Amino acid sequence: MQPEQTGKFLRSPAGSFVYQVIGPCCQLFDREELPWPSCNIRWKGKQPSWNRVGKRFVPDLAASRCPSYYVIARDLHGDQWNQVLTLYQNRLDGDEKRWWYSKVPSGKPYPTLQS
């Protein structure tokens, strides 16, 4: 599987949205957006939060097996916005996953299928 080309248009399964690919990206999870772990009234003092443990941005484990793209999305009414789109129907093999979710970009080209 090769990454989608910049400028390519993708349709949503129901056809309500059209996405124009800007480029591939790594889907990250922001720990500061996590809710407090306890909303119990009996909790006294400051509630602990997950965002104080580890790095702030980490790869999203749910999306780490699938390619993600930064896209311009458009709906049927002509409204548009930017978002990250993960194609869960496509799966990355080992080399592709290492290229897509590498912590240190190596400048290597995208792995191609070996015959």
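Values below: all heavy atoms of this structure, side chains included; hydrogens, waters and symmetry mates excluded. Since the model is a prediction, treat every value here as computed from it, not as a measurement.
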*Asks:* How does the hydrophobic cluster around V18 look, that is, which other residues are in it when side-chain heavy atoms under 4.5 Å mark a link?
*Replies:* F9
*Asks:* Assess whether side-chain contact (heavy atoms from CB on, under 4.5 Å) is satisfied between Y69 and L87, documenting all intermediate values.
*Replies:* CA-CA 8 Å; Y69 298 94; L87 302 178; 3.6 Å; yes
*Asks:* Going by side chain to side chain contact (heavy atoms under 4.5 Å, CB included), name the residues that satisfy it together with F17, two or more places apart in sequence or in a different chain.
*Replies:* S12, Y19, D75, W81
*Asks:* Show, in sequence, the C-alpha distance, side-chain angles and deciding distance for V71 and Q20, and conclude whether the side-chain contact (heavy atoms from CB on, under 4.5 Å) test is met.
*Replies:* CA-CA 5 Å; V71 299; Q20 182 179 9; 6.0 Å; no
*Asks:* Might you confirm whether atom CD of Q5 has over 12 heavy atoms from other residues, nucleotides or ligands at distances under 6.0 Å?
*Replies:* no
*Asks:* Under 4.5 Å between side-chain heavy atoms, chaining through other members, with only Ile, Leu, Val, Met, Phe, Trp and Tyr counted: pull out the rest of the cluster around L76, sorted by chain and number.
*Replies:* none
*Asks:* Check side chain to side chain contact (heavy atoms under 4.5 Å, CB included) between A62 and all other residues, then give those that pass, not counting sequence neighbours.
*Replies:* D60
*Asks:* Which pairs, with at least one residue in residues 4-13 and sequence neighbours excluded, count as a salt bridge (charged side-chain N to carboxylate O under 4.0 Å, His left out)?
*Replies:* E4-K8
*Asks:* If you link ILVMFWY side chains whenever their heavy atoms are less than 4.5 Å apart, which other residues fall into the same cluster as Y88? By chain and number, please.
*Replies:* none
*Asks:* Counting only heavy atoms not in R74, do more than 12 sit closer than 6.0 Å to its CZ atom?
*Replies:* yes
*Asks:* Taking all atoms of both residues into account, what is the closest heavy-atom pair of C25 and W100, and its distance?
*Replies:* O-NE1, 2.7 Å
*Asks:* Please identify each residue that fulfils side chain to side chain contact (heavy atoms under 4.5 Å, CB included) with I22, with sequence neighbours left out.
*Replies:* Y70, I72
*Asks:* Can you tell me how far SG of C66 sits from CD of E96, rounded to the nearest 0.5 angstrom?
*Replies:* 11.0 Å
*Asks:* Who are the side-chain hydrogen bond (donor to acceptor under 3.5 Å, both in side chains) partners of S68, not counting sequence neighbours?
*Replies:* T86
*Asks:* Please answer: with hydrophobic residues joined when any side-chain heavy atoms are less than 4.5 Å apart, are V84 and W99 in the same cluster?
*Replies:* no
*Asks:* For K97, which residues count as a salt bridge (Lys or Arg N to Asp or Glu O under 4.0 Å) partner, sequence neighbours excluded?
*Replies:* none
